Amino acid sequence: MENVVLIIHLLLALGLIAVVLLQRSEGGGLGMGGGGGGAMSGRAAATAMTKLTWILAIAFIATSITLTILAAQKSSGSSVLDRITLPAGQDAGAADAPSNPLGSDLLPPAQGDNAPLVPSAD
């Protein structure tokens, strides 16, 4: 369900970008192009592009709220701290103390050691 809403959300975003870029500049934003019939011209009637922009914008906001609700339901009742697990035989007080003396893990690898150099989180 979440993937379907996400795909619809992305398609709406692309459609909204396309429709906004296709519209003609009416207000002369940033001092560029367009322009009305005069200084006292009335507001033009809503065109099909304007209506389509509103429809896509409302649908985009609806899918944004739906995705937020789905994510909140998925994560309810759990915390990031609940996911932290300690190795067997260790209590919370011993987790703060380093298991190796300082400097022992700073040595370069041995001559025949071909293991990748990956940091460990112990």
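Bear in mind the structure is a predicted one, so any value in this text is a computation, not a measurement.
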Point-to-point distance, once rounded to the nearest 0.5 Å, from CG of Leu10 to CZ of Phe60: 8.5 Å

Shared hydrophobic cluster, Leu6 / Met1 (ILVMFWY, side-chain heavy atoms < 4.5 Å): yes

Residues that Ile65 engages under side chain to side chain contact (heavy atoms under 4.5 Å, CB included), provided they are two or more places apart: Ile61, Ile69

Pairs involving residues 55-73, ordered by first then second residue, that meet salt bridge (charged side-chain N to carboxylate O under 4.0 Å, His left out) (sequence neighbours left out): none

Contact check, side chains of Ile8 and Val5, non-hydrogen atoms, under 4.5 Å: no

Contacts of Glu2 that satisfy side chain to side chain donor-acceptor pair (under 3.5 Å) - sequence neighbours left out: none

Members sharing Leu14's hydrophobic cluster (side chains within less than 4.5 Å): none

Euclidean distance, Lys51 NZ relative to Ile55 CD1, rounded to 0.5 Å: 8.5 Å

Summary of side chain to side chain donor-acceptor pair (under 3.5 Å) pairs that have at least one residue in residues 3-15, sequence neighbours excluded: His9-Thr63

Non-neighbouring partners of Leu52 that pass side chain to side chain contact (heavy atoms under 4.5 Å, CB included), sequence neighbours left out: Val19, Leu56

Approximate separation, where rounding is to 0.5 Å, of Leu12 CG and Ile17 CD1: 11.0 Å

Nearest-0.5 Å distance, CD of residue Gln23 to OG1 of residue Thr53: 3.5 Å

